[in-house]
Amino acid sequence: MLPTSYARNSPPSFDGSRRQRRASHSIPLIIRRLFRFPQMDFEFALWQMGYLVIAPRRVYRNIYYHKQTKNQWARDDPAFLVILATLLCLSAVAWGLMYGLGMVGILRAMLFMVLVDFLLVGSLAASFTWFVSNRFLVLNNMTHAVDQQVEWAYAFDVHCNSFFPVFLIIYVLQFFFMPLLLRSNWISLFVGNTMYFCASAWYIYGTFLGFNALPFLAHTELFLYPILLCAVFYIASLFGLNMSQSALSLYFG
């Protein structure tokens, strides 16, 4: 007769593989694809970056097609994140060379710009807009429609899209205006503060566009109100607070 004890001693290959599949599905697809560069659509990510500058509304028109095909509002391709993180690292190198930070200082600037400026601050901003949207702006009485909620990943996508113009102004344009911005005169103060105001206003407007594109949200103009506070602070700063010099001294000493 054949032995029958192997059923208890053999490894549960089927159950194990099923648990592994469940674990992999619990990880967001964008994280699982983070290091699969051949599967990333860098061309489309660059197209999005270009239109975020010249016609940001057009970028959000594509989320309807993404929702229909992928059944989620958030992007599942990390190409945009990879490109933006790479640009931040290159920016850190340029700033580090200008200030003579050395290899360790440049590496520290890279980590700070990517992990703190982009990811940490972005996660906090995404969590705030995600909470406000789901708590106060969702239309749950839409006829013939299933109640929907804003995905946290989509809120972070909105941050990423809004952060790119900020990157162009604060990390790139400010770099080339450094000879002017470091002077101690009112023109330097005006140009530097105007850059920071434009970057803040662009980020706020981009956030509004991102949530305004969702058909199940109402009164998304709420996200535009912080522009008024930025405008008041900007006008007050023109009387003596040089935001550019203050930010650069905080970063590079």
To the nearest 0.5 Å, tell me how far [X] [atom1] sits from [Y] [atom2].
X	Y	atom1	atom2	answer
Leu217	Asn134	CG	CG	8.0 Å
Met103	Leu107	CE	CG	8.5 Å
Met195	Ile170	CE	CD1	8.0 Å
Asp41	Gln48	CG	CD	9.0 Å
Leu214	Gln148	CG	CD	8.5 Å

Q | Ring geometry between Phe216 and Trp73 (parallel below 30°, tilted from 30 to 60°, perpendicular above 60°) | A | tilted

Q: Inspect the surroundings of CZ in Phe128 and state if more than 12 heavy atoms from other residues, nucleotides or ligands are less than 6.0 Å away.
A: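 No.
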
Q.
Tell me whether Glu43 at atom CD has more than 12 heavy atoms from other residues, nucleotides or ligands lying less than 6.0 Å away.
A. no

Q | Residues that Arg58 engages under side-chain hydrogen bond (donor to acceptor under 3.5 Å, both in side chains), provided they are two or more places apart | A | Tyr51

Q | Chi angles and distances behind the side-chain contact (heavy atoms from CB on, under 4.5 Å) call for Phe118, Leu88 | A | CA-CA 9 Å; Phe118 179 49; Leu88 284 169; 3.7 Å; yes

Under 4.5 Å between side-chain heavy atoms, counting indirect links through other Ile/Leu/Val/Met/Phe/Trp/Tyr residues: same cluster for [X] and [Y] or not?
X	Y	answer
Met49	Val53	yes
Phe156	Leu124	no
Leu250	Ile106	no
Leu173	Ile54	yes
Leu90	Val172	no

Which pairs of donor and acceptor atoms, one on a side chain in residues 94-102, lie under 3.5 Å apart (sequence neighbours left out)?
unit_1	atom_1	unit_2	atom_2	d
Trp95	NE1	Ser91	OG	3.4
Trp95	NE1	Tyr171	O	3.1

Q.
Once side chain to side chain donor-acceptor pair (under 3.5 Å) is applied, what residue pairs with a partner in residues 224-242 remain, sequence neighbours excluded?
A.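 Output for this query lists Asn193-Ser237, Thr194-Tyr234.
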
Q. Any side-chain heavy atom of Pro56 within less than 4.5 Å of one from Asn161?
A. no

Q) Given side chains that start at C-beta, do those of Val158 and Thr129 come closer than 4.5 Å, heavy atoms only? A)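 Counting from C-beta outward, Val158 and Thr129 never come under 4.5 Å.
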
Q: Check step by step if side-chain contact (heavy atoms from CB on, under 4.5 Å) holds for Tyr60 and Asn212.
A: CA-CA 9 Å; Tyr60 288 107; Asn212 189 59; over 6 Å; no

Quick one: side chains of residues 197-211, donor-acceptor pairs under 3.5 Å with protein atoms, not counting sequence neighbours, listed by atom name and distance.
unit_1	atom_1	unit_2	atom_2	d
Ser200	OG	Tyr196	O	2.9
Tyr203	OH	His159	ND1	2.8
Thr207	OG1	Tyr203	O	2.9

Q) Do any N or O atoms from the side chain of Ser133 and from the backbone of Trp130 form a donor-acceptor pair under 3.5 angstrom? A) no

Q) Donor-acceptor pair, Gln72 side chain versus Ala74 backbone, under 3.5 Å? A) yes

When the side chains of residues 177-190 are checked against the rest of the protein, which donor-acceptor pairs come out under 3.5 Å, sequence neighbours left out?
unit_1	atom_1	unit_2	atom_2	d
Arg183	NE	Pro179	O	3.4
Asn185	OD1	Ile187	N	3.3
Asn185	OD1	Ser188	N	2.7
Trp186	NE1	Leu238	O	3.0
Ser188	OG	Leu180	O	3.1
Ser188	OG	Leu181	O	2.7
Ser188	OG	Arg183	O	3.1

Pair up each side-chain donor or acceptor in residues 79-87 with any protein partner under 3.5 Å, not counting sequence neighbours, and list the distances.
unit_1	atom_1	unit_2	atom_2	d
Thr86	OG1	Val82	O	2.7

